[in-house]
Amino acid sequence: FFKQKTAYEIKECDWSSDVCSSDLIKTDRALKYELERNYHEFGVYKYQIIDDTFNDNDPKLDRILKIVEQLDFQPEFWAYLRLDLLSRNPQTRFKKLYDIGMRSASFGIETMNPPTAKIIGKGYDRERQIETLQYIWSEYKDRFFMSSGFIIGLPEESIEQVSETNRLLLSREIPLHTWMFYPLILQHPSRIAWKSELELNYEQYGYKYTDYVHDYPYGVEWINQHMTFTDAIQLANTFNAQQRATSGIATQKSWGFYGALDLDLKSLANTPFDNIDFNSIENLIVDKDLDYKVKLFELLKQKCSTNISN
């Protein structure tokens, strides 16, 4: 359960405010220099953007697009995106992301049940979000790759409702390249320093804790009106097995293979996970690691020779 700003709060956010952390943003000149240096000196142009919500406001995206338009190459990015923000004028907003270089992303959709989405701060129009995914799928299917996580056991979502979400994903009525289900993990208040809204006030959301000590990392056995923590784990395992038989690797992981090994994103997204030859990928990683070490030692040798000569 994540305490997040709503779409309205993000829309109204002052870009210069403390919430938006403008003091942590690189200057345009520094970012442009870093992108150019990485590309021209090291051949690096693929990036993972570690930002909880890369598309949280338009001014930030406008600044980055302006910088990218000054480059003599096209960088490519993976990032976390909020689908509800994209769903307002998706053609214009998504084109801006694509022009920046966004080629893959993970949406934290979590649930397709409207009452549940509202509780966790993602209560934007469900149908419009699906329409946005359908638009991106139809216009950019083999050029932009999408995945999302879904949580089983959230407030007011039944087994039947989350099972329907799984059906819509498998049928591509919710068109994502890959997805993953996770059980809702509630940690015991005495074991953690930081507590979410749901962990602090779990009884208000219809949960009870039992004395059962679960093997799942840090999670306590909870019960609500629809299921138990154990039920959620079993459902996640079942749904994820079905996903692995029909779709590929999650976009964040496939982007790592694409960036480090130059593997084909389209193939990684569309080849069922169970059919992917991970032994070959592991061999590529070993070869890449050895090649890196050879180049590193050669560079160190040159540096040492230069220092001795001087």
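Note that this is a predicted model, so its numbers are computed, not measured.
Tracing side-chain contacts under 4.5 Å through hydrophobic residues (I, L, V, M, F, W, Y), one reaches Ile119 starting from Ile159; they form part of the same cluster. Linking ILVMFWY residues whenever their side-chain heavy atoms come closer than 4.5 Å, directly or via other members, leaves Ile285 and Tyr258 in distinct clusters.
Between the side chains of Gln129 and Asp125, no donor-acceptor pair of N or O atoms lies under 3.5 Å. Using modelled atom types, one finds no donor on one side chain facing an acceptor on the other under 3.5 Å when comparing Tyr209 with Glu203. For the 3.5 Å distance criterion, the side chains of Tyr47 and Asn38 qualify, holding a donor opposite an acceptor. Thr116 and Asn113 share a side-chain donor-acceptor pair at under 3.5 Å. Checked by atom type, the side-chain pair Asp277/Ser280 shows a donor-acceptor distance below 3.5 Å. Under the 3.5 Å distance criterion, with hydrogens and angles disregarded, no donor-acceptor pair is assigned to the side chains of Gln252 and Ser147. When only modelled atom types and interatomic distance are considered, Trp179 and Ser247 share no side-chain donor-acceptor pair under 3.5 Å. In the model, Glu156 has no side-chain atom that pairs as donor or acceptor with a side-chain atom of Tyr205 under 3.5 Å. Side-chain atoms of Asp72 and His40 include a donor-acceptor pair closer than 3.5 Å. A side-chain N or O of Thr92 and one of Asn89 form a donor-acceptor pair less than 3.5 Å apart.
For Tyr140 and Phe145, the ring centers are positioned 6.0 Å apart or more.
Of all heavy-atom pairs between Lys253 and Ile249, the closest is CB-CG2, 3.5 Å. Between Gly149 and Tyr182 the shortest heavy-atom distance is CA-CE1, 4.1 Å.
Without hydrogens or angle criteria, Thr228 side chain to Asn224 main chain gives no donor-acceptor distance under 3.5 Å.
By the 6.0 Å contact criterion, CZ on Phe73 is enclosed, its count of non-hydrogen atoms from other residues, nucleotides or ligands being greater than 12. Counted within 6.0 Å of NZ on Lys96, heavy atoms from surrounding residues, nucleotides or ligands total more than 12; the atom is thus considered enclosed. The 12-atom threshold is not exceeded at CZ of Phe297, counting heavy atoms of other residues, nucleotides or ligands nearer than 6.0 Å. A 6.0 Å sphere centred on CD of Glu282 holds no more than 12 heavy atoms belonging to other residues, nucleotides or ligands.
The pair Asp58-Arg93 counts as a salt bridge, with a side-chain nitrogen and a carboxylate oxygen less than 4.0 angstrom apart. Using a 4.0 Å cut-off between charged nitrogen and carboxylate oxygen, Asp28 and Lys32 do not count as a salt-bridge pair. By the 4.0 Å N-to-carboxylate-O rule, Lys266 lies too far from Asp264 to be salt-bridged with it. Between Lys66 and Asp62 there is no salt bridge, since no side-chain N of the basic residue sits under 4.0 Å from a carboxylate O of the acidic one. Of the charged side-chain nitrogens involved, at least one lies within less than 4.0 Å of a carboxylate oxygen, so that Lys46 and Asp262 count as a salt-bridged pair. A salt bridge links Lys60 and Asp51; the closest N-O separation between the charged side-chain nitrogens and carboxylate oxygens is under 4.0 Å.
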side-chain contact (heavy atoms from CB on, under 4.5 Å) for Glu110 and Lys122? Distances and angles first, verdict last. CA-CA 9 Å; Glu110 320 299 7; Lys122 298 190 176 183; 3.5 Å; yes

Working note: Leu176 + Phe150, criterion side-chain contact (heavy atoms from CB on, under 4.5 Å); need CA distance, chi angles, decisive distance, verdict. CA-CA 12 Å; Leu176 293 171; Phe150 295 87; 4.1 Å; yes

Let me see the working for Phe239 and Met180 under side-chain contact (heavy atoms from CB on, under 4.5 Å), right down to the final yes or no. CA-CA 8 Å; Phe239 294 164; Met180 185 71 71; over 6 Å; no

Stepwise, does the ring-ring contact (aromatic ring centres under 6.0 Å, His included) test hold for Tyr98 with Phe144? CA-CA 8 Å; Tyr98 192 83; Phe144 182 81; 7.2 Å; no

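Between Ile233 atom CD1 and Phe181 atom CZ the span is 15.5 Å, to the nearest 0.5 Å. To the nearest 0.5 Å, atoms CD1 (Ile174) and CG (Leu169) are separated by 4.5 Å.
Within the 4.5 Å cutoff, the side chain of Ile136 has heavy atoms near those of the Leu86 side chain.
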